[in-house]
Every structure is written in structure tokens, then in C-alpha cells.
Student: 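My questions all concern the structure below.
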2 protein chains.
Amino acid sequence: MPTSVTLSDVAREAGVSLATASRAINGSANRTVRADLRERVLAAAERLRYTPDANAQAMARGRTTSVGLVVHDITDPYFSSIAAGVTGAADAAALQVTLTSTQHQPEREVELVRLLQRQRARAVVVAGGRHDDDAVNDAMRAALADYVAAGGSAALVGQPVLGVDTVVVENAAGAAALARALHGLGYRRPAVLGGPPTHLTARERRDAFTDAFAALGAPVDPAHVLPGDFTHEGGEAAMRELLAVGADVDVVFAVNDVMALGALAAARDLGVRVPQDVALAGFDDILTLRDVVPPLTTVRVPLVDVGRLATELALEDHEGEPRVRPVPTEVVLRASTPARTA
Amino acid sequence: MPTSVTLSDVAREAGVSLATASRAINGSANRTVRADLRERVLAAAERLRYTPDANAQAMARGRTTSVGLVVHDITDPYFSSIAAGVTGAADAAALQVTLTSTQHQPEREVELVRLLQRQRARAVVVAGGRHDDDAVNDAMRAALADYVAAGGSAALVGQPVLGVDTVVVENAAGAAALARALHGLGYRRPAVLGGPPTHLTARERRDAFTDAFAALGAPVDPAHVLPGDFTHEGGEAAMRELLAVGADVDVVFAVNDVMALGALAAARDLGVRVPQDVALAGFDDILTLRDVVPPLTTVRVPLVDVGRLATELALEDHEGEPRVRPVPTEVVLRASTPARTA
DNA sequence: TTGTACGCGTTATCAA
DNA sequence: TTGATAACGCGTACAA
């Protein structure tokens, strides 16, 4: 920004000192400026089209006005809803959001956190769930510890395993409740599109679901628990595999909605009808679901709230042990899992 | 960020001057540092866990590393895809993206541009289309002019009416091509869900569509051109209205996909079958369409590319007249508009 | 109430 | 090649 008007210019134009100009424009705490001087300064600023330099202000004040957000893919409705919550909360606190994306490479999270530390972001919200990968987790924990040690504060969405405040979605409770609901509807031969084996959120949902079904006396055939990517393509591929072997299942649980949508596409493509031939359920209740036929049963996660909560958590200053903010989930039964009359 | 390690700390620890430390760590242009000294500095930095302060660097260098993005709603697939393009291009240029959202209030764009100017963002990408509203446009033009005068550079997605570089989607060509394609399929009684009357993109698409149909000898009944919000709800409401009056139409063109999806929901809700009772087409080819039944005919806009192009446009320095970067569109016929055999 | 002067963390200029 | 030192734009003790 080559030719910016500075506060000194304004001060000179108004015939006051830099300090007075600063106080007049920024209304420094309990320092007050005589009315006529303030008028002169404001007029000068207006005349010169002065714009404060937020960076310089941040320097001088010792703190920036930005919060960082780390997602895997902003086009994924799961992340874009969380992002809406983050920008909303940031906005309410008069802060800006720096959006960073790993492009689906979890290991990039570490460098993004370090990047945001260089920006001196006041707070960082990491939206992606954790993996069972000590190397990555250790690196991430170290990056976050450095960041916090340098005065930043971080919040995670996912599992409280990195030593920072975490918004914990009640995945297990939701998946178990879903399993019970489906069992109550008469389903007895479930399959699970389980996502990446190391992904903790995927695993929590998968295990709680299978455990609950087992507890109800209808254990999930281990052969009917398929791994896959946590994406549309992953869901599609897993579903295709499941259907290809002619598995005897009456309901498929995809551990997130994006995968469920992929599964739905695979079913459609193979001429398998949902729910007549097989029922289908997902998890998250992403916005996209409103446009899908049949309406998909899922477990609602209040994603915008999750983003907002994580931001608020990170913004509140707080000493001591990292906090955990549980977020309840809610089973939403829709037409993709009708009561079985058979 | 209270307790940050500074470059001075590193210099002292390494027993060199501040200048040398700076050069060693940042590899200042053609200035070179003796190998052993550089080692000492790097080791000291490592030991102290030094993290450069990007803000201070920006101050000193006179330019920041951030680009601003203004959207209406990041959960809208249209904007999230553009955002993905922007973050991609920014990433490639080693820049960060500051995401700001108007929350559907077009007039807020002005303050967001001013906000980004205060941040001294190198470039600003405004993703929302223009309205036919002189007051807002004048304010926006002024804000952008100030920003550019202060050394920033801006790019718009939409209409080249604000004096800055603009990525122009070929709305009219696409809508006309769509009209011709639909006519070719046998449709003769079209309706248009036209979006907000002042929204230029909506208007371009609407008018080109109706003009093309008129030119083909099948003019659109003016009563079958309905205004509405540029949203899911807007499309739903407009479609509901259209169907309520029992309009005699064989195909409905919603001027964007999000509205088309709302229209589809309305049709479903009222028991009107698509495409058997009425065909339906949209515009944009948002990602969500892959999950919708029936597959929706639309006009593809390469949204991620649009975001990338806008960013590149803003980032290239360039003198003189604002540039226009046209982006071609492409009709994509799908099952929601089958050939009419009647 | 106003002004002076220093500090924020870094880069860049200019001597040495 | 290295080192003082002056910027960068602003906030804020401290003194007046």
C-alpha cells in the first residue's frame, strides 16, 4: 500500500500533535480530547481520507484483531457451516477471520498453525477431527503448545487430545442413539461405511454404532464394516464395494453425511433403491440434505454453533486445564429409514 | 501475544547484530551471510523457538501478505467454491485469505472493503454480483477507489461497473444457449424464477433467457416471470407462487441453482413431479447438484476457476483501464429437462 | 487537556 | 560481510 495517509499527516493537517490525533480518532480509554480539537482532527482525517492501519495499531497495542481458522476443504458443507459460525463469532467480537485450508492433507495442519502464529492471530480454531497418528498429533500438539506459550489461544473441534480447549461433539451418544432408533424401526442387518480407520470421529461413530447394535442382539457382521475416505468419493466407493459383494444388509450407516451422499449416488447408479432395497443414514445433518431425495436420516450436529462455540472458547481467556465443551447431538429420522414392516 | 521471542533475542543469543540475524533468517535479497554465522543464528532461533512476526515484517516491508475476500454467505455452495479458488490462488502466492461475510446484506460490502483496507490487504476479491442501486454502487465505487488509491488492488466477480478489474461470467450467452437448448428439446411454455429485480446477474440471465425464447417464436408470458430472493427460500417461494396459480408452463428456469433447488423442494412438496409435470433448469452447476434427483440441467460456471482468476487478476499489478476477464459458460443438459415427446 | 518521546518487531540504508 | 540506526504507523507512559 504505497501512498497511504498516516496519522501524522492528519495531525499536521489539523495542527495538533500525533498523540492528540490518535486520541481523537481512537477515543483512547479515559483520555478525552477537547471538542473543538476533536472536530478539527476528524475533519482533517475526513479531508485526507485517512484510514487507520490495523497492522500498525496491532503492533503498538501488542495484539492483532484476527482469528485463524483451519479447515480441510471449505467447499465441504460441514466445514463451510462451521466457518459461518466462526466468522459470526469473530464478527461479534470485532475480529477478522483468516481462512486456511489443508486441501485434505491433515499433516498440513501443523504448518497452518505455525503460519497463523506468525500472523499473531489472537486465536486459532482447528476444525478437522484428530487422527490416531502419534507423529502428526505430537507435531500438532507441539505447534499448539508453542502458539499458546507465545500468548495465543487455540480451540479444537474434535477430540481433546492436543492440550487445548476442545468442542467435543457427542459422536458416540449420537451414533448409539441412531443405532437404537434403527433397531426400534426393525432393522437387524446393518452395515457401516466407517471412514478412515485412523480418524477418531469416524471411529467413535462407527464403534458406538456397532456396539449399540451388538448390545441389542443384532451384531454387525465385521465384513459389513467398510473403511474409506471421509469424502463423497469415499462413501461412493465403499458403498459400491458393499453392494458389489451382494451383502445381506437392510440399513447402511455412513459415518458422515457427505459419505452418505456418495453412498446414495452409488446405490442409484447400481439400481439399488433407497430405502426400498436398503435404508441409509448419515451423520452431521449438513445443509445439503434439504435437497436430497429421499430425505436422509442423520444425527444432527449444530455445526454453526460448533464454529461459534469453538471461537468463543478460544477467545475467552482462561487459565489452567484445557476445557471441554460438549455439544449434544440429536437423531433425526427421515424417509431414508422407514419402519420395516417385514 | 504477550511473551514472544523477538529477533533481537535471537541476535543476542547468537552473538550477532540484529541486522545479521534478520539476513540469516530471512535471506535478504542478494545480501549473504557467512555460513558459520548463519548456522549460529538458525540454531539460536531454533533453541529459542523464534517465530517471525508477520505483522512487523509487513510494517517494515510496507506490504502485508493478506488478501481479502467478501462473500454474502460462506455456506452457499456458490461462494464456498469461489472461496476455494481464492484460497488456492492465495496459497500459491504465499498469501493468506481474510474471509468476510455480509450475511446477505449487500450494503455491508462497503464497510467490509473499508475494513480490509484498514487491514492493508494487498488485494480484495468481492464475490457477490452487483445490484442496480446507484446509492450502493456509488458508495462501493468510492470505497474501492479509495482502496486502490491507497495502493490496494481489487477484483470483482460480476459486472464491470465499479472501476476495478472484473471477472465477468457470460451469463447472457449461457442463458440464451440454455433457452435454445430447451427449445430444441421441445419446450414452448417457459417460466422464469428471476431472482431480485435489481440483481444484475439475475437480470442478465433472466432477460437473455426470455429474449432467446422470444426470438424462437415462443415468448415467455410476462406473468410467468417471477421475482424472488437469490436464495433457496426465494426459489421455493417463487415456485410455490407459480404452481399455486396453476400456470401453464412446461419448463421452469431458475436463475441460479440454489433457487432451482428451492423450486424443486416446492414442487416436491406440492406433489408436482419434475420433470414429468414440469421440467426445471438452473444456473451455476454448484457442487450440491451431484446429489440431487433428478439431475438438474444447468449452465456450468467454473466457480473455483472464477475465484482463482479474480485473485490472480487482483494480484497482477497493472496500470490503466480496469480489465475484464470473461469466463465462458456451458449448458449441461440433465434429466430434469428431457426431450419432450408430446 | 496536550505534547514529547519511546516502544512494538522487523527491514533496509549506509558506513565501516 | 557485518553492524549501527533510521524508518514503518501507531499507542501510550510521562511530563508539561
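Every chain is numbered from 1, with letters handed out A, B, ... down the list of sequences.
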Student: Rounded to whole Å, please give me the gap between CZ in A/Arg63 and C1' in D/dG11.
Tutor: 11 Å

Student: Starting at the 5' end of DNA chain D and moving along, which residue's nearest nucleotide shows up first, B/Ala60 or B/Leu37?
Tutor: B/Leu37

Student: Can you list the steps and then say if A/Val157 with A/Thr166 is a side-chain contact (heavy atoms from CB on, under 4.5 Å)?
Tutor: CA-CA 6 Å; A/Val157 176; A/Thr166 304; over 6 Å; no

Student: Determine, for A/Arg308 against A/Asp91, whether the closest basic-nitrogen to carboxylate-oxygen distance falls under 4.0 angstrom.
Tutor: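 Judged by the 4.0 Å cut-off on N to carboxylate O distance, A/Arg308 and A/Asp91 do not form a salt bridge.
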
Student: To the nearest angstrom, how far is A/Gln119 atom CD from C/dC8 atom P?
Tutor: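 Result: 21 Å.
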
Student: Tell me whether the side-chain N/O atoms of B/Gln57 come closer than 4.0 Å to OP1 or OP2 in C/dT11.
Tutor: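 Yes, such a contact exists.
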
Student: Parallel, tilted or perpendicular for B/His72 and B/His104, by the 30°/60° rule?
Tutor: parallel

Student: Without decimals, in angstroms, what is the distance between A/Arg40 CZ and C/dG3 C1'?
Tutor: 14 Å

Student: What is the distance from CG of A/Leu18 to P of C/dA5, rounded to the nearest Å?
Tutor: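 So the two atoms are 12 Å apart, to the nearest Å.
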
Student: Measure from the side chain of B/Ser17, starting at C-beta and using heavy atoms only, and say which of D/dT12, C/dG9, D/dG3 lies closest.
Tutor: D/dG3

Student: Just the rounded figure in Å: distance from P of C/dG7 to CG of B/Asp53.
Tutor: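 After rounding, the reported distance stands at 18 Å.
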
Student: Kindly indicate whether the side chain of A/Arg23 and the base of C/dG3 share any N or O donor-acceptor pair separated by less than 3.5 Å?
Tutor: yes

Student: Would you indicate, yes or no, if C/dT2 has its OP1 or OP2 atom less than 4.0 angstrom from a side-chain nitrogen or oxygen of A/Thr20?
Tutor: no

Student: Taking atom C1' of C/dG7 as reference, at what distance in whole Å does atom CE of B/Met59 sit?
Tutor: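 Spelled out: CE on B/Met59 to C1' on C/dG7 is 13 Å.
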
Student: With nearest nucleotides of DNA chain D determined for A/Pro52 and B/Arg34 from heavy-atom distances, which residue corresponds to the more 5′ nucleotide?
Tutor: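 Whichever sits nearer the 5' end wins; that is B/Arg34.
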
Student: Taking only Lys NZ, Arg NE, NH1 and NH2, and the carboxylate oxygens of Asp or Glu, determine whether A/Arg120 and B/Asp53 approach each other closer than 4.0 Å.
Tutor: yes

Student: In whole Å, what is the span from the CG atom of A/Asn26 to the P atom of D/dG9?
Tutor: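 Distance, rounded to whole Å: 17 Å.
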
Student: Is atom CG of A/Asp36 surrounded by more than 12 heavy atoms (other residues, nucleotides or ligands) closer than 6.0 Å?
Tutor: yes

Student: Can you measure B/Arg61 atom CZ to D/dA6 atom P for me and round it to whole angstrom units?
Tutor: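 The answer, rounded to whole Å, is 22 Å.
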
